Protein chains: 2
Amino acid sequence: MKQPGGGRHTIRDVAQAAGVSISTASNALNGTGRTNPETREKVRRIADELGFRPNALARGLLTRRSHAIGMLTNDTYGRLTLPMAAGVSEILVDHGVSLFLCATNNDPRLSRLHLEALLDRQVDGIIFTATRIDLEPPPELTKLNIPVVYAFAQGPSGSVSFHPDDAQGARLAVQHLQGLNRSRILHITGEQNYRAARIRAEAYHEIVGASAQVMFGEWSEEWGHAAIERVFARPGPRPDSIFCGSDEIARGVIDALRDRDISIPGDIAVVGFDNWEVVSKQTRPPLTTIDMELKELGHQAGLAILGLSRGEKLEPRVERLPCTLVARGSA
Amino acid sequence: MKQPGGGRHTIRDVAQAAGVSISTASNALNGTGRTNPETREKVRRIADELGFRPNALARGLLTRRSHAIGMLTNDTYGRLTLPMAAGVSEILVDHGVSLFLCATNNDPRLSRLHLEALLDRQVDGIIFTATRIDLEPPPELTKLNIPVVYAFAQGPSGSVSFHPDDAQGARLAVQHLQGLNRSRILHITGEQNYRAARIRAEAYHEIVGASAQVMFGEWSEEWGHAAIERVFARPGPRPDSIFCGSDEIARGVIDALRDRDISIPGDIAVVGFDNWEVVSKQTRPPLTTIDMELKELGHQAGLAILGLSRGEKLEPRVERLPCTLVARGSA
DNA sequence: CTGTCATGCTAAAACCTTTTAGCAGAAATA
DNA sequence: TATTTCTGCTAAAAGGTTTTAGCATGACAG
């Protein structure tokens with residue numbers, strides 16, 4: 001039933017087969033204009049039989065809406081970007097919108113290349129994501145005359161951005177430990193120049209008060225080890241619980257504690273941050289941790305860009321989405 | 001300098017500003033037709049000044065090449081799919097081709113939805129990827145009249161597909177252990193109904209010969225633990241080295257061996273499979289493992305689909321790309 | 001019987017680009 | 001001088017869709 005040209009049926013074919021004009025066919029299919037119900041049904045039936053699907057390029061050219069949006073991501077597909085991308089895509093697909101994925105790999109040249117390609121393709125909007133929360137998005141983005149949404153990344157003032165609520169997540173963790181009657185809560189986290197690390201540490205500090213003690217380091221399992229070593233090397237009372245800045249750090253911490261035959265959570269309870277299942281489900285005992293709900297964050301970003309691309313006005317804001325606590329064995 | 005319509009400059013604007021016709025402008029910019037060098041330079045200069053970039057939709061409509069390709073992926077962005085996607089994208093971007101990422105999540109409805117969207121957008125080709133190597137690709141794919149390439153997934157006969165060379169990877173691992181004078185090599189791997197697991201086990205068997213011993217199980221750290229437990233529970237000689245089917249399994253194995261105060265690699269050498277750095281760099285000692293070169297696999301798939309989309313004929317084949325061994329501390 | 005209006009349809013323009021065919025004028029050839 | 005060839009350009013068509021303006025037809029009101 002395909003055309004000899006190897007291509008697909010066009011609306012011409014539908015119109016011809018139905019014995020109407022192209023415009024009537026278009027109107028019938030889209031429910032626009034005035035059409036006799038009978039004609040409409042007939043056209044639709046025939047379009048169905050022919051397997052007609054409109055050419056998105058032609059449609060986009062005319063309507064100036066490509067029904068595609070671009071996602072510019074910073075890192076080579078880290079574990080943070082991806083659940084978000086899945087969330088975004090999940091929302092878009094049901095609205096007939098497709099997703100261009102552009103990995104910029106932190107390379108400005110690639111960044112520009114991808115951005116230009118997206119503009120050439122008349123994308124309806126762009127989602128900018130960065131793993132390193134403190135990295136500034138490329139300034140070109142702000143001058144665009146298509147909507148931009150920032151996810152997990154700091155947008156310029158006047159923009160819409162979505163973040164996990166790091167402070168609330170930290171409070172969740174600490175309060176969970178306090179609920180277990182722990183009072184000497186230590187916080188072992190990643191690099192201080194990460195905004196997320198600072199926000200979490202601050203929230204922790206506010207709740208715990210004077211006894212607060214923060215150890216900044218790296219976002220690695222190794223640092224978890226090293227930190228425990230340091231804690232046990234010095235005199236004074238031991239913590240009865242540890243709030244870790246990432247699951248990887250928590251894994252290092254737990255392994256180091258096990259090496260010292262400390263019982264978890266009996267002697268020391270441990271809470272992580274990320275709910276990266278490949279880590280958190282594999283520690284012994286399994287890790288109680290904070291989930292940043294990245295997929296939901298993707299949903300929100302997707303909905304936002306969808307609305308903006310339709311011309312809806314969204315008030316500029318930094319939306320902080322609540323984290324949840326996933327209780328497993330370690331606390 | 002932008003048009004009042006909020007849009008971008010069109011080739012009209014360029015032609016007008018240069019005082020030539022649209023066709024001359026097009027010819028000058030694309031180097032087609034016969035153009036006076038002077039005119040050509042002038043047009044190009046003006047296009048540059050105006051920041052003109054051709055509308056990809058209009059161009060695609062006419063040339064019937066959208067310069068976009070779709071990547072249909074099975075899983076919600078697992079660690080296998082993503083390095084490949086990065087590799088694909090890396091190749092494409094330099095040819096001005098963009099990548100639609102479609103996560104089908106193993107849902108046939110989503111699969112169809114994404115596929116239709118891709119066809120509507122006139123993509124120049126599709127790359128199909130599946131994490132579970134034994135999953136059949138949707139049969140719709142075979143009837144398409146645009147090129148399809150399979151990566152990490154079994155294509156139907158007559159198709160082009162790319163895989164890591166599992167057999168060669170397994171041989172690499174075993175021969176490395178033999179080079180360390182290990183003779184009692186045990187193979188702990190994942191589910192037997194994975195083709196990759198069977199291929200690797202077979203290659204291992206061929207080299208090791210009579211002393212071969214394969215333990216199939218799950219692709220998890222836990223199974224690594226359990227397997228070691230089982231090995232140490234039974235009588236008879238212990239292995240002097242273990243070839244694991246994945247880094248996660250290897251991690252479980254190493255942890256279990258450490259718990260028993262077995263020295264690694266002194267008493268038992270361990271080799272993994274995947275080179276998933278977040279695991280392999282964090283074991284103690286760091287894991288010697290097989291890298292499947294997924295990014296390179298992505299490169300190859302990208303080049304293949306690019307060629308096919310240009311009308312080049314590629315002979316149908318299953319290409320197996322060599323794995324490499326990454327030596328760290330564990331063997 | 002004339003004028004107004006609603007209905008159902010269509011022709012044509014528009015979106016932006018590439019490409020084909022062809023037109024003048026100049027230069028080269030016969 | 002008359003013809004051909006080359007050069008540099010342009011008008012127009014094409015690609016597939018949506019949308020605007022308008023055309024008959026028939027119903028209805030005055």
Side-chain angles (χ1 to χ4, degrees), chain A residues 2-44 47 50-68 96 119-124, chain B residues 2-44 47 50-68 96 119-124:
Chain A
K2 295 278 174 186
Q3 292 282 79
R8 318 161 63 186
H9 284 289
T10 75
I11 200 172
R12 272 192 116 77
D13 303 329
V14 176
Q16 195 166 5
V20 297
S21 75
I22 294 186
S23 9
T24 303
S26 175
N27 279 330
L29 291 172
N30 299 321
T32 53
R34 293 176 305 219
T35 336
N36 183 325
E38 250 173 76
T39 322
R40 180 161 53 235
E41 280 322 305
K42 183 178 179 191
V43 169
R44 289 188 172 172
L50 258 47
F52 166 75
R53 309 218 78 221
N55 181 323
L57 262 40
R59 170 181 277 174
L61 181 56
L62 195 54
T63 61
R64 297 153 167 293
R65 300 208 50 217
S66 64
H67 291 275
L119 294 178
D120 291 353
R121 296 199 144 74
Q122 319 281 112
V123 291
D124 299 335
Chain B
K2 296 278 176 184
Q3 292 281 78
R8 319 161 61 185
H9 285 289
T10 75
I11 200 171
R12 273 193 117 77
D13 305 326
V14 176
Q16 195 166 5
V20 297
S21 74
I22 294 185
S23 9
T24 302
S26 175
N27 280 331
L29 291 172
N30 299 321
T32 55
R34 293 175 305 219
T35 336
N36 184 326
E38 251 173 76
T39 321
R40 180 161 54 234
E41 281 322 305
K42 183 178 178 191
V43 170
R44 288 186 174 172
L50 258 48
F52 166 75
R53 308 217 80 223
N55 181 321
L57 263 41
R59 172 181 274 175
L61 182 56
L62 195 55
T63 62
R64 297 158 167 289
R65 300 207 52 218
S66 64
H67 290 275
L119 294 178
D120 291 353
R121 298 199 141 75
Q122 320 280 113
V123 290
D124 299 335

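Because only heavy atoms are used, hydrogens play no part in the values below, and waters and symmetry mates are left out as well, while side chains stay in. A, B, ... follow the sequence lines: proteins, then strands. Residue 1 opens every chain. All figures in this text were calculated on a predicted structure; none of them were measured in a lab.
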Self-check item: Bounds of contact between DNA chain C and chain A, in 5' to 3' order, using a heavy-atom cut-off under 4.0 Å
Solution: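 From 5' to 3', the first and last contacting nucleotides are C/dT7 to C/dC16.
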What distance do [X] atom [atom1] and [Y] atom [atom2] have between them, rounded to the nearest 0.5 Å?
{"X": "A/R65", "Y": "A/R59", "atom1": "CZ", "atom2": "CZ", "result": "11.0 Å"}
{"X": "B/S66", "Y": "B/L57", "atom1": "OG", "atom2": "CG", "result": "9.5 Å"}
{"X": "B/H67", "Y": "B/D124", "atom1": "NE2", "atom2": "CG", "result": "6.5 Å"}
{"X": "B/H9", "Y": "B/Q16", "atom1": "NE2", "atom2": "CD", "result": "11.5 Å"}
{"X": "A/D13", "Y": "A/I22", "atom1": "CG", "atom2": "CD1", "result": "9.5 Å"}

Exercise. For B/I11 and B/F52, work out which heavy atoms get closest and say how close.
Key: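 Scanning both residues completely, I find the closest heavy atoms to be N-CE1, 3.3 Å.
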Quiz item: Between B/A25 and B/V20, which heavy-atom pair has the shortest distance, and what is it?
Solution: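 So the minimum-distance heavy-atom pair works out to N-CG2, 4.1 Å.
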Self-check item: Separation of atom CD in B/Q122 from atom C1' in D/dT17, rounded to whole Å
Solution: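 Taking atom C1' of D/dT17 as the reference, CD of B/Q122 is at 12 Å.
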Exercise. Mind calculating the distance between CG (A/D13) and P (D/dG16) to the nearest angstrom?
Key: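 Interatomic distance, CG of A/D13 to P of D/dG16: 9 Å.
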Quiz prompt | Positions of residues 54-62 of chain A (non-hydrogen atom under 4.0 Å from DNA chain C), listed by number | solution =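 Nucleic-acid contacts, sorted: A/L61, A/L62.
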Could you go over nucleotides 7-9 of chain D and give all protein N or O partners under 3.5 Å, atom names and distances?
| unit_1 | atom_1 | unit_2 | atom_2 | d |
| --- | --- | --- | --- | --- |
| D/dG8 | N7 | B/R34 | NE | 3.1 |
| D/dG8 | N7 | B/R34 | NH2 | 3.2 |
| D/dG8 | O6 | B/R34 | NH2 | 2.6 |
| D/dC9 | OP1 | B/T39 | OG1 | 2.7 |
| D/dC9 | OP2 | B/N36 | N | 2.9 |
| D/dC9 | OP2 | B/T39 | OG1 | 3.0 |

Quiz item: Pairs in or reaching into residues 30-42 of chain B: which pass side chain to side chain donor-acceptor pair (under 3.5 Å), with residues at least two apart or in two chains?
Solution: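 Counting only pairs at least two positions apart or across chains, the side chain to side chain donor-acceptor pair (under 3.5 Å) contacts touching residues 30-42 of chain B are B/S26-B/N30, B/N27-B/T32.
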Quiz prompt | Evaluation steps, side chain to side chain contact (heavy atoms under 4.5 Å, CB included), between A/L29 and A/V43 | solution = CA-CA 7 Å; A/L29 291 172; A/V43 169; 4.1 Å; yes
Quiz prompt | Sequence-distant partners of A/R53, side chain to side chain donor-acceptor pair (under 3.5 Å), two or more places apart | solution =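 Listed in chain order: B/D120.
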Practice problem: Ignoring hydrogens and angles, tell me if any N or O in the side chain of A/R121 forms a donor-acceptor pair with the backbone of A/A68 under 3.5 Å. | Solution: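 No, A/R121 side chain to A/A68 backbone: no donor-acceptor pair under 3.5 Å.
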Self-check item: Comparing A/A25 and B/R53 on DNA chain C - which has the more 5′ nearest nucleotide
Solution: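 The residue whose closest nucleotide sits nearer the 5' end is A/A25.
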Quiz item: Looking at five pairs on each end of the helix from C/dC1-D/dG30 to C/dA30-D/dT1, what is the angle between the two axes, given to 10 degrees?
Solution: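 Both end axes considered, the difference amounts to 60°.
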Quiz item: Does A/S26 make a side-chain N or O approach to OP1 or OP2 of D/dT18 shorter than 4.0 Å?
Solution: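 So the side-chain polar atoms of A/S26 do come within 4.0 Å of the phosphate oxygens OP1 or OP2 of D/dT18, strictly under.
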